[in-house]
Structures are given as structure tokens and as C-alpha cells.
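Here the structure is laid out as C-alpha cells; the discussion comes afterwards.
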Amino acid sequence: MERTHHNGELNLNHVGEEVTLVGWVNKRRNLGALVFIDLRDRSGLVQVTFDESIAEKVKDVRNEYILQVKGVVQKRQDANPNMKTGEIEVLAKDVNIINSAQTAPIDLSDESTSNEDTRLKYRYLDLRRKVLQDNLILRHKVAMITRNVLDKEGFVEIETPILARSTPEGARDYLVPSRIYNGKFWALPQSPQIYKQLLMIGGMEKYFQIARCFRDEDLRSDRQPEFTQIDIEMSFADEEMVYQTVENLMREIFLGTIGYELPQPFKRLTWHEAMRRYGSDKPDLRFGNEIQNISSIFENTEFQVFKTVLENNGQVYCLKFENAAKEYSRKKLDELQEFIKRDFKAKALAYLKMEGSELSGSIAKPLSDEEKEKIMQQLELKDNDLVLVVADKDKIALNALGALRTRLAKELNLVQDGYEFVWITDFPMFEYSEEENRYVAQHHPFTAPNVNDPQELIEHPGDINSRAYDLVVNGYELLSGSIRIHDQAMQAKVFEAIGLTMEEAKERFGFFLDAFQYGTPPHGGVGIGLERLVMVLANTENIRDVVAFPTTNSALDLMSEAPNVVDQEQLDVLGITINHKENEE
């Protein structure tokens, strides 16, 4: 089909040229003798003018019809500064209606008012919106820059299997039944973790892959059941080599896509410091309002609530928000209290307001004058300052205040523009699972511990840090990674610490552990969440905005109506019988 130019590329330099354009009708305006049509293709819009000699041909044309137009570019008398091509228009000489279209069931403007579920049902139409097309093009650019940067640094792109063995550590696997071996299953990879480590054992030294991953886990706005990971692994590497590689890649991506120069090097915080100061292992550093420990003020308190908490190894933590007291009524503060009780199991939220030179609030009366004076001095309170207080065990209090810190920063417009990257390092090696009554690996069981003596893993499992690290930007965990275990004795002790015998470990990871016997190099790497990275670059908080065909929060594809039932014949071949749950119809 003839086409000389893309619509959004035309400008004053093309005035006088005869052009042939194709595209969708974005908008039609009929002024009697004249008809104006905004013609849209992927590059953008251009106004096409149909005078009385040709207007009859488009009298029945509606939005989303596809046209081929031949005409001459001319300077526009009423320039539109809101259009990229607003200084010119195309005077049509001939038009061919390529295809008609029914009225779209959704609003196709960038500020679409259509319900998201309806837009997902008609995703092929929703994708015509410029904002979504720009996001997918941005995603493409990120992938291309990634390939170019890593190629220059000597990395080799290698595909790993999609059908793999189930390794039940971490999130639930998606299982694929085998037709040939009835009763046996493949699993879709949660990540290429084992394969990329095997590539290091295989001597590839530097590997990367833009890999599809699958996790059957609870969903939220920044998760999908299948997602893409920029997977990187390197041999003979330590943390500094990983940091340098990733930071270089991030600088090239941000500069090459949105023209933003990132600082060098990125900030770093240990996990313990991040939790103490921000109540989160993915802190947003675009604003301050750090958590403060004010327990020492209440060493001899008569306030029974704080006294009981401190006697039971709890702490008293608080957040200060300047000039915010009047913004939070009793009703709003009650909502904040309900929020941390419901989502973080905190017992209560106390508050203090600085009014003039005195403190008021929910705990002002039971505190002594001396305690109130120390609070004002330690927090350097000024008129109209708001203080939120949680007294509880460290984990509960810090997590609750971390969530409040983020929530109030958004409500009070404290979040500054820009991108704040920070490496979170020295994660705990293990965390205790009350549900399983054992220690479990906080990252995965192949993460190297930061100890030389393997026996320490057994004697002090709760005190050991790992050589794991996350990269966080603006409150999003962008990647997770670690230096891996390469020593057989250390790997055996890690399995022992999480309650796995070597026999059980070999049953789950046998082929992988066998490979360790043949000279495993020190190695480490990362998995970068491609969707989250593009979300940040595109300035959206919804992962579905950067995925071509996403699912809902409940993992449903409304467009293709998947998942769905299959024929009984297919189930019979696979040897599968469906046992419907009682609560399902």
C-alpha cells in the first residue's frame, strides 16, 4: 500500500509537498462545505482538510475508520500549539476508505474515562491510545539499550528453558502436565535462577537474558502472573562488580529513554539501617521524615502503655511532619489508626500536635511535663507540627510507621521530583516462619551468607547477614540479587539451617548440586524487573499500563477469557481428573 510519510512527522519543511498518508480517523468535524479529519497513525496526528470538491466522499466516515489520503501539505492558518503537527495541515485531493468501523465500546482518548475492566476486555482497541503505545515503545527502547550495553561489556545473551522442574522454595509454581509421562509435571520458571548458575559452572562467565518468568502469587498493582526480567549473571564477581555493571546499565537506560542523568555512584543503605530509618526495605528517598526512636525519653515513665511495651522489649518510635497538624482532624487520624491496625497488626497509633508552645493530642495528658519537654526538644518541634507515635515490637512498629511515612508524604505533597536510587545491602540470611516453625531463606537458598565458618549458620541463624542486595528507586524494588554460594560445604549448611537434609535437597535440586562437584566459580548477579523499570520511566503506578496484554488483579485475561475450561478429551490424554471445590458452582 502506498504511503509516503508518517502522519506525526509532517512539519513546515513539507509545505508544498504531495503526500500519501494512511491511518485511523481520530476525530471528524463537519463545517458544511469543509470537513476536517484528524488522521492518526502510530507516529501521531495530522489534520486533513476536505473541501467541497471531495467532502462528499467522507460524509459517512466516523471515528476509527481507516483512510488512505492523497493531498498537499500547506501551512495552517489557525495553528494548534497542542498538536505536534499543529502548524500544518494536508489539503486532500483524493481519499480511499480502506475499512469501516463500528462505534468503539471504550473511550480511546489518553485520559480515557472507561472502566479498566472494560478497557482490558477490548485491549486491542485500548492499545490505540497514544499513552499505551508510547509505553510499549519505551519498553522496547529499554530492551534494546540493555542488549547494546551488556553486549559491549562482554555479556552473552542465552535463552534458558521455559519448561523446567518444579523447585518448591519461594512462590508457588505454575505447573504444566506431561502428556507423555502422565502424572508428572513441568513447572514454568519463577526465574532462570538455577539455569544461570549452571551457565556459570559451564564457563560462560557473563550471561544475560530478557527472560519471561511466572509466579502463582497474590497480585497487586505492580505484579502480574507472568512478567519479564532482565537477568544478569557473572563469574568471578563480587558485589562491587555487580553494582558497577547495573549502575552503568541504569545510567544508559535513563539517559537514552528520558534524557535523565543519574548520579554516580548510587546511594547505599544496609537493610537494618533502612528499616530503622524508613521502616521499609524499599524506602522512597525523595523526601525525609525519617523514623525516630524516642524510647529513652520514657525510661522511667508512669504512662502504663509505654511502660508495658518497653518492659516487653518493645520500642517507642515516631514520625514528625512539619506544619501538618491542622491538616489532620480526629477523623483522619482515626483512619490512620485503623490503617495500621488492619494492615500491620499495630496495637494503636498515638499522636501529638504542637499548638503554640504546648503539646496536645491523644497521649498528651498521661505524659509528664518533663517527658513532653524532652519530646519537644529531641524532635525540635515548632507550631503546627504533627507527631505520630507507635509503641510496639520493632517489626510491627517500624513497618507501620514506614507505611504511614509514605502515605502522609503523598497526602502532604512532600514527594520531590526526580529519581532516588539506593542499594539495600546486608539482608538477613534467614527469617523465621511461624507458619512452618522453621527458618527460611529470605532471598533463596543459593544466596551466599556473609560468614566464613559454615557452622555459624546452625549456631546463630537469626544473626547472620547474607550477601544479597536490592536496588530501589522511588520506593519500588527494581531488582534483587546476590553473590551465590559456590562451596559445597557452605551450601549443605544452608540447607541444614532451613530444615532440609541433603537427601531432601538432592531430591529437589539433585542435578544442580551434582554440578557443584566439578569446579564452581564464585559468581553473582541480579534479576531486574523490566515492567517495574518501565513503570518508573513512564511515571505510572499501574503495571498494566506497560504490558501489551495484561491480566486483572485476580489474574484473569478478560479479553481472551483465560483461564478457561478445556475439553474432556484433552484432560483424558493428560490423565487429569478435575475435582471441583465445594464452594464453586
TODO: Return yes if some donor-acceptor pair links the side-chain N/O of Gln133 with the main-chain N/O of Leu127 below 3.5 Å, else return no.
DONE: yes
Task: Distance (rounded to the nearest 0.5 Å) between Leu21 CG and Glu2 CD - done: 10.0 Å
- [ ] With sequence neighbours left out, write down each residue that passes salt bridge (charged side-chain N to carboxylate O under 4.0 Å, His left out) with Asp426, or none if nothing qualifies.
- [x] none
Task: Sequence-distant partners of Glu18, salt bridge (charged side-chain N to carboxylate O under 4.0 Å, His left out), two or more places apart - done: none
- [ ] Say whether, by atom type as modelled, one donor and one acceptor occur between the side chain of His523 and the main chain of Pro521 under 3.5 angstrom.
- [x] yes
Open item on the list: Can you list everything that forms a ring pair (Phe, Tyr, Trp, His ring centres under 6.0 Å) with Phe214? Sequence neighbours excluded, please.
Closed with: none
- [ ] Please indicate whether Phe511 has more than 12 foreign heavy atoms, meaning atoms of other residues, nucleotides or ligands, lying under 6.0 Å from its CZ.
- [x] yes
Open item on the list: For the CD atom on Glu116, are there more than 12 heavy atoms of other groups (residues, nucleotides or ligands in this structure) within a distance under 6.0 Å?
Closed with: yes
- [ ] Using the side-chain contact (heavy atoms from CB on, under 4.5 Å) rule, take Val494 and Met429 through it: C-alpha gap first, then chi angles, then the decisive distance, then the call.
- [x] CA-CA 9 Å; Val494 168; Met429 183 70 186; 3.9 Å; yes
- [ ] Kindly say whether Asp545 contributes a backbone atom to a donor-acceptor pair with the side chain of Asn135 at under 3.5 angstrom?
- [x] yes
Task: Counterpart residues, side chain to side chain donor-acceptor pair (under 3.5 Å), relative to Ser480 (two or more places apart) - done: His443, Asp470
Task: Qualifying residue, where the test is ring-ring contact (aromatic ring centres under 6.0 Å, His included) with Tyr469 and the options are Phe427, Phe266, Tyr243 - done: Tyr243
Open item on the list: Can you list everything that forms a side chain to side chain donor-acceptor pair (under 3.5 Å) with Tyr207? Sequence neighbours excluded, please.
Closed with: Gln209, Asp231
Open item on the list: If you count every heavy atom of other residues, nucleotides or ligands that lies below 6.0 Å from Asp78 atom CG, does the total exceed 12?
Closed with: yes
Task: Thr146 vs Leu249 side-chain heavy atoms within contact, under 4.5 Å - done: yes
- [ ] Decide side-chain contact (heavy atoms from CB on, under 4.5 Å) for Ile98 and Met1; before the verdict, give the C-alpha distance in whole Å, the side-chain angles of both, and the deciding distance to 0.1 Å.
- [x] CA-CA 10 Å; Ile98 297 173; Met1 179 175 289; 3.5 Å; yes
TODO: Using a strict 4.0 Å threshold on nitrogen-to-oxygen distance, state whether Glu64 and Arg28 make a salt bridge.
DONE: no
TODO: Check for a donor-acceptor pair, side chain of Asn399 on one end and backbone N or O of Gly402 on the other, with a separation under 3.5 Å.
DONE: no
Task: Side chain Lys141, main chain Gly256, donor-acceptor under 3.5 Å - done: no
Task: Qualifying ring pair (Phe, Tyr, Trp, His ring centres under 6.0 Å) pairs with a residue from residues 122-147, counting only residues at least two apart or across chains - done: none
Task: side-chain contact (heavy atoms from CB on, under 4.5 Å) between Leu479 and Trp423, intermediate numbers included - done: CA-CA 10 Å; Leu479 69 80; Trp423 287 102; 3.8 Å; yes
Task: Gap between atom CZ of Arg119 and atom CG of Leu108 - 0.5 Å precision - done: 10.5 Å
TODO: Could you tell me how the ring of Phe446 sits relative to the ring of His444: parallel (under 30°), tilted (30 to 60°) or perpendicular (over 60°)?
DONE: tilted
TODO: For the pair Glu420 and Arg286, find out whether any cationic side-chain nitrogen is under 4.0 Å from an anionic carboxylate oxygen.
DONE: no
Open item on the list: Can a side-chain donor-acceptor contact be found between Asn80 and Gln47 if the only test is distance below 3.5 angstrom?
Closed with: no
TODO: Go through the structure and list residues passing salt bridge (charged side-chain N to carboxylate O under 4.0 Å, His left out) with Arg212, not counting sequence neighbours.
DONE: Glu226, Glu531
Open item on the list: Testing the 3.5 Å rule here: is there a donor-acceptor pair between the side chains of Gln244 and Glu240?
Closed with: no
Open item on the list: Restricting to non-hydrogen atoms, name the atom on Val69 and the atom on Ala92 that form the minimum distance, rounded to 0.1 Å.
Closed with: CG1-CB, 3.9 Å
Task: Glu9 with Arg3: basic N within carboxylate O range, under 4.0 Å - done: no
TODO: Please answer whether the main-chain N or O of Glu477 pairs with a side-chain N or O of Arg532 as donor and acceptor at a distance below 3.5 Å.
DONE: yes
TODO: I would like to know whether Thr228 and Arg139 meet side chain to side chain donor-acceptor pair (under 3.5 Å); could you show each step before the answer?
DONE: CA-CA 11 Å; Thr228 306; Arg139 180 180 175 131; 2.9 Å; yes
Open item on the list: Under the rule for side chain to side chain contact (heavy atoms under 4.5 Å, CB included), what residues qualify as partners of Lys27, not counting sequence neighbours?
Closed with: Arg29, Asp38
Open item on the list: Measuring from atom CD1 of Ile97 to atom CG of Leu67, what distance do you get when rounded to the nearest 0.5 angstrom?
Closed with: 6.5 Å
Open item on the list: Quick check against the 3.5 Å criterion: does Gln491 have a side-chain atom that pairs as donor or acceptor with the backbone of Pro445?
Closed with: yes
TODO: Look at Asp134 together with Lys130 and state whether they make a salt bridge at an N to O cut-off of under 4.0 Å.
DONE: yes
Open item on the list: Under the rule for salt bridge (charged side-chain N to carboxylate O under 4.0 Å, His left out), what residues qualify as partners of Glu239, not counting sequence neighbours?
Closed with: Arg467
- [ ] Report the residues that fulfil side chain to side chain contact (heavy atoms under 4.5 Å, CB included) with Phe185, sequence neighbours left out, ordered by chain and then residue number.
- [x] Leu175, Pro177
Open item on the list: Does any part of the side chain of Leu556, heavy atoms only, come nearer than 4.5 Å to the side chain of Thr551, both counted from C-beta?
Closed with: no
Task: Whether Arg62 side chain and Ala101 backbone form a donor-acceptor pair below 3.5 Å - done: yes
TODO: Find the distance between CD (Glu541) and CD1 (Ile543) and round it off to the nearest 0.5 Å.
DONE: 13.0 Å
Open item on the list: If you count heavy atoms of other groups shown closer than 6.0 angstrom to CD of Gln517, is the number above 12?
Closed with: yes
Open item on the list: Assess, by modelled atom type and distance only, whether the side chains of Asn148 and Glu252 contain a donor and an acceptor separated by less than 3.5 Å.
Closed with: no
- [ ] Let me see the working for Lys267 and Glu273 under salt bridge (charged side-chain N to carboxylate O under 4.0 Å, His left out), right down to the final yes or no.
- [x] CA-CA 13 Å; Lys267 296 175 182 176; Glu273 187 178 5; over 6 Å; no
- [ ] Please determine, by modelled atom types, if Glu87 and Asn11 share a side-chain donor-acceptor pair under 3.5 angstrom.
- [x] no
Task: With sequence neighbours excluded, residues passing side chain to side chain donor-acceptor pair (under 3.5 Å) with Ser560 - done: Asp557
Open item on the list: Working to the nearest 0.5 angstrom, can you tell me the gap between Gln68 CD and Leu39 CG?
Closed with: 10.5 Å
Task: Candidates Thr406, Leu408, Leu414 - the one meeting side chain to side chain contact (heavy atoms under 4.5 Å, CB included) with Lys410 - done: Thr406
Task: Check: Pro225 main-chain N/O paired with Asp216 side-chain donor or acceptor under 3.5 Å - done: no
Task: Euclidean distance, Met144 CE relative to Ile137 CD1, rounded to 0.5 Å - done: 13.5 Å
Open item on the list: Checking Ser109 now: which residues fulfil side chain to side chain donor-acceptor pair (under 3.5 Å) with it, not counting sequence neighbours?
Closed with: Asp107
TODO: Would you confirm whether Ser43, through its side chain, and Gly8, through its main-chain N or O, come within 3.5 Å as a donor-acceptor pair?
DONE: yes
